[in-house]
Amino acid sequence: MAPSPTGPLHIGTARTSLYNYLFARHVGGAFVLRVEDTDAARGTSEWEQDIIDNLHWLGLSWDEGPQVAGGEDIGPHAPYHQSQRMDRYGAEADRLLASGRAYHCFCTPLELDAVRREQERTHQPPRYNGRCLALTDADRAAFAAEGRRPALRFAVPPEKIRFDDLIRGEVEFDNALLGDFVIVRGDGMPLYHFVVVVDDEAMGITHVVRGEDHLSNTPKHIALIRALGYREPIFGHIPLILNPDRTKMSKRKSQTAMTAYREQGYLPEAMVNFLAFLGWSPGTEEEIFTLAELAARFEITDVHKAGAVFDKDRLDYLNGVYIRTLTDADLAARLRPFLPNALGDELLLRLVPLLKERLVRLADATELAAFLTETDAQVAALYESDLLLAKGRSGPETEAALTAAQAAFRAAPAWEAEALEAVARAAAEAHGWKAGDFFRPIRVAVTGRMVSPPLFGSMELLGREQSRARLEAALERLRA
RNA sequence: GCCCCCAUCGUCUAGAGGCCUAGGACGCCACCCUUUCAAGGUGGAGAUCACCGGUUCGAAUCCGGUUGGGGGCACCA
C-alpha cells in the first residue's frame, strides 16, 4: 500500500489498504506500507501522521514500512519513504537516459500548454508531441545556455501492452496512443509513475492491488518495467467507492476523511466490516465479520468489477450492531472520550445499559447523557412549560399529575429504577392517566428533553435530591 | 475527443446454463411490543436481471452489438 500524504486518510485509501491487508494475510504474504512523499509541495508529515494513526485505528498492521509517523522505517527494504530514496531514482533515471529509453525535454510549461490547447482545438489527442526527441546536442546546449532545466521524458515504445488483472482478467492497451511522459521534473524531482516502478522492484513487490483509477496507468508502468529490465508484478484493480451520484467518492460530495468518522464514534470494527463489503462478499448470507475472519475468507479474485456507492445508512446500521455486541465495560471505555469528565467512571458504567440500544454512533451518547452533568438550572432552561404538557392536557391538569408523581416518588421504598417505576405506574393509574402521558412531564422535568434514556433508570442515576429538585422546578413553572 | 473499465430491487449484494414465479441485508411502509427515543419481532412494497440480437431444448448467467455510467489521458499521486 502506498498512500500519498497529501491529505487525511481517505475512505478509498483505507478500503484499498484493507483489501491489500486482507489479501496479504489470506495468502500469507507481506503487507508493505510505502509513503509516496515525492510531492513536497503538497505533502506534510501531519497528514502522514493522520494516515498511519487511522490505519492503525482500523486494526491494520503492516510487515514493512513506517511503524509510526516520523519514526524509523522497518523492513528489509527500508527506507519506506520515497523522499529518502532519491539516490536510487537518480541512478535508474540515468540508466534510462544512457540507454536511450528516456530523453531530455526542454519544453516549458507555457509551450506545453500552448501545444495542448492547439491539440484540443483541432481535436487531436492531448499528448506530448515529441519535439525534444529530435534535439541535437547543439540544440540542447543552446537551451541549457538559456538556463532551461530539462525534464526527463520516457520514450514510450509504441506497442500493445496486455496484462492479466487479478480482478478484471485480460486487459489490453495500445501504448502507441500514449505521449512520452515526464519521469523526472526539471528540478530533479522524480515523478509518480517512475518511482512507483523503481520502488516496487527494489522492494520485491509481487502483487499490486490498487484502485481502478490506476488501471489506465498500468500500461505506462509495464512499459517502464520492461525498459528497466524489472520483473513484472501481478496487478489487481479494485472498484472505486462512489458518491451517491456514482462518481468517484470525493470530499466535495461525501465525507471522505476517516478521522471524521472516528470522531463521530464509528467503531473500527464496523468500518472494516462495512468497507470490506463494498466490492466483495463471501458469497453467503453472513454479514458480520471480524478482521481476522475477513482475512480468512477474502479472495481477491472474488472482488467485483463495478463501483460501489458508499451507503451511510448501512454503515450506521452496522455500527449499531457492533455497539450492541460490546460488553458494558468495553462500551463504557469507548464512550469515555465522548462524555464530560464530570460524569464519573462508576456512573458511566451504570449508564451504559441504558444507552446501548439507543446508540448509532458513540457521539450520540453526548446528548443522551447530558442531563446527568448539566445543572438543575441548565436543565430547566432547556424547555418551555408547554413541553411538559402531555398531549391534550392543560397546565393545571399536568400540574396535578406531576404533584401526584412527586408524592409517589417521596413514598417510594427505594430510589431505584424498579421501585420508582412501580410507584409511578400506580400513581398514573390512580390518577386515571395512561402511563405514557403521566411519564411525559416527569421526563421533561428530569432531563429537560422529550427524548431520553429510560426514565426511571435515568432518575436512579440522577439521584433522589436532584430528581426531586427538577420535579419541583417544573411544578413551579406550571404554576407560573 | 481518444483509450480503458463496468452494468441484478433506491443502496450493498447472492447468483458461475435448468435449484430464479431472482435470495439476503440496509433503507422504506404497516402491524406487534413499548415510558420517550431506540432496540426487537412479524409482514409488505420494491428488479420485465440496462436494451437488442444471437448460441442453446433451456440464459440473469455464454457471444455480439447498442445504450448508459464511470475512470484515465499533468514537470499531481
Side-chain angles (χ1 to χ4, degrees), chain A residues 2-7 36-39 41-43 105 107-109 112-113 116 119-120 122-128 149-153 165 167-168 171-175 177-179 181-193 195-196 211-220 237 239-240 242 244-248 274 277-287 304-318 320-321 324 355-360 364 368 421 424-425 428 434-440 442-444 447 449-456:
Chain A
S4 177
T6 53
E36 312 241 315
D37 56 351
T38 54
D39 189 355
R42 295 200 297 153
C105 171
C107 298
T108 64
L112 259 17
D113 210 45
R116 200 166 9 248
Q119 286 168 333
E120 261 169 49
T122 58
H123 303 290
Q124 304 273 123
R127 57 173 131 137
Y128 183 62
R149 312 279 334 192
L152 190 65
R153 271 183 199 279
D165 190 281
I167 293 158
R168 275 145 227 286
V171 182
E172 185 182 274
F173 286 86
D174 186 357
N175 271 3
L177 269 19
L178 246 43
F181 55 93
V182 172
I183 55 176
V184 181
R185 292 203 310 214
D187 63 6
M189 195 58 76
L191 261 19
Y192 171 74
H193 297 306
V195 296
V196 141
E212 191 197 336
D213 46 350
H214 283 295
L215 189 59
S216 52
N217 288 153
T218 302
K220 294 179 188 172
H237 290 89
L240 263 19
L242 276 22
D245 65 3
R246 305 203 74 89
T247 54
K248 181 164 76 163
F274 172 70
F277 276 66
L278 242 36
W280 175 81
S281 126
T284 65
E285 287 179 359
E286 303 160 90
E287 51 179 3
H304 300 166
K305 298 172 183 166
V309 172
F310 187 93
D311 181 7
K312 193 156 176 299
D313 282 337
R314 195 179 181 82
L315 207 212
D316 284 345
Y317 161 76
L318 273 176
V321 168
R324 272 170 255 131
L355 300 185
K356 201 182 247 181
E357 287 177 352
R358 273 156 261 272
L359 298 177
V360 171
D364 295 340
L368 282 169
E421 177 168 357
R425 282 188 188 283
K434 284 198 300 186
D437 292 339
F438 194 75
F439 296 168
R440 160 145 179 178
I442 305 174
R443 183 187 308 283
V444 173
T447 68
R449 298 159 171 86
M450 272 177 64
V451 173
S452 79
L455 181 54
F456 305 104

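Throughout, a chain's letter reflects where its sequence line sits, starting with A, and its residues are numbered from 1.
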Whichever of Ile167(A) and Ser281(A) has the more 5' nearest nucleotide on RNA chain B, that residue is Ile167(A)

Measure from the side-chain N and O atoms of [X] to the backbone N and O of [Y], and report whether any donor-acceptor pair falls under 3.5 Å.
| X | Y | answer |
| --- | --- | --- |
| Thr38(A) | Leu191(A) | no |
| Asn217(A) | His193(A) | no |
| Arg358(A) | Pro453(A) | no |
| Asn175(A) | Pro219(A) | yes |
| Thr218(A) | His214(A) | yes |
| Glu120(A) | Pro126(A) | no |

Say you pick atom [atom1] in [N] and the same atom in [M]; how far apart are they, in whole Å?
| N | M | atom1 | value |
| --- | --- | --- | --- |
| G18(B) | C12(B) | C1' | 28 Å |
| C51(B) | C6(B) | C1' | 16 Å |
| U11(B) | G17(B) | C1' | 29 Å |
| C37(B) | A25(B) | P | 25 Å |
| G24(B) | C62(B) | P | 24 Å |
| U61(B) | A16(B) | C1' | 7 Å |
| G70(B) | U55(B) | P | 34 Å |
| G54(B) | C73(B) | P | 41 Å |

Pair assignment for [N], Watson-Crick or G-U wobble, requiring both distances under 3.5 Å:
| N | result |
| --- | --- |
| A30(B) | U42(B) |
| A25(B) | U11(B) |
| G68(B) | C6(B) |
| G1(B) | C73(B) |
| C57(B) | G18(B) |

Hey, does [X] reach any base, or is it just sugar-phosphate, or nothing, if we go heavy atoms under 4.0 Å?
| X | value |
| --- | --- |
| Asp316(A) | nothing |
| Glu421(A) | base |
| Ala308(A) | sugar-phosphate |
| Gly211(A) | nothing |

Between atom [atom1] in [X] and atom [atom2] in [N], what is the gap in whole Å?
| X | N | atom1 | atom2 | answer |
| --- | --- | --- | --- | --- |
| Arg168(A) | G72(B) | CZ | C1' | 13 Å |
| Asp313(A) | G27(B) | CG | C1' | 6 Å |
| Phe310(A) | G10(B) | CZ | C1' | 17 Å |
| Leu318(A) | U11(B) | CG | C1' | 13 Å |
| Arg440(A) | U35(B) | CZ | C1' | 12 Å |
| Asn175(A) | G72(B) | CG | P | 18 Å |
| Leu178(A) | G72(B) | CG | P | 15 Å |
| Lys220(A) | C4(B) | NZ | C1' | 12 Å |

At a cut-off of 3.5 Å, list every protein nitrogen or oxygen paired with a nitrogen or oxygen from nucleotides 36-40 of chain B, distance to 0.1 Å.
residue: U36(B); atom: O2'; partner: Met450(A); partner atom: O; Å: 3.1
residue: U36(B); atom: N1; partner: Arg443(A); partner atom: NH2; Å: 3.4
residue: U36(B); atom: O2; partner: Ser452(A); partner atom: N; Å: 2.8
residue: U36(B); atom: O2; partner: Ser452(A); partner atom: O; Å: 3.0
residue: U36(B); atom: N3; partner: Arg443(A); partner atom: NH1; Å: 3.4
residue: U36(B); atom: N3; partner: Ser452(A); partner atom: O; Å: 2.6
residue: U36(B); atom: O4; partner: Arg358(A); partner atom: NH1; Å: 3.4
residue: U36(B); atom: O4; partner: Pro454(A); partner atom: N; Å: 3.3
residue: C37(B); atom: O2; partner: Arg358(A); partner atom: NH1; Å: 3.2
residue: C37(B); atom: N3; partner: Arg358(A); partner atom: NH1; Å: 2.3
residue: C37(B); atom: N4; partner: Arg358(A); partner atom: NH1; Å: 3.3
residue: A38(B); atom: O2'; partner: Glu357(A); partner atom: O; Å: 2.5
residue: A39(B); atom: O4'; partner: Glu357(A); partner atom: O; Å: 3.2
residue: A39(B); atom: O3'; partner: Arg324(A); partner atom: NH1; Å: 3.2
residue: G40(B); atom: OP1; partner: Arg324(A); partner atom: NH1; Å: 3.3

Does Arg149(A) have more than 12 heavy atoms from other residues, nucleotides or ligands lying within 6.0 Å of its CZ? no

Has Lys434(A) got more than 12 heavy atoms of other residues, nucleotides or ligands less than 6.0 Å from its NZ? no

How long is the gap from [atom1] on [X] to [atom2] on [Y], to the nearest 0.5 Å?
| X | Y | atom1 | atom2 | answer |
| --- | --- | --- | --- | --- |
| Arg440(A) | Arg443(A) | CZ | CZ | 10.0 Å |
| Phe181(A) | Leu152(A) | CZ | CG | 10.5 Å |
| Thr447(A) | Leu455(A) | OG1 | CG | 7.5 Å |

Can you pull every protein N or O that's under 3.5 Å from an N or O on nucleotides 60-71 of chain B?
residue: G71(B); atom: OP1; partner: Lys248(A); partner atom: N; Å: 2.9

State whether His304(A) places a side-chain N or O below 4.0 Å from either non-bridging phosphate oxygen (OP1 or OP2) of A14(B). yes

Evaluate the side-chain contact (heavy atoms from CB on, under 4.5 Å) criterion for residues Phe439(A) and Arg425(A): first the C-alpha distance (whole Å), next the side-chain angles of each, then the deciding distance (0.1 Å), finally the verdict. CA-CA 9 Å; Phe439(A) 296 168; Arg425(A) 282 188 188 283; 3.9 Å; yes

If you check every side-chain atom of Val171(A), which of C75(B), C4(B), U11(B) has the closest atom? C4(B)

Measure distances between side-chain N and O atoms of Arg314(A) and base N and O atoms of A25(B), and say whether any donor-acceptor pair falls under 3.5 Å. yes

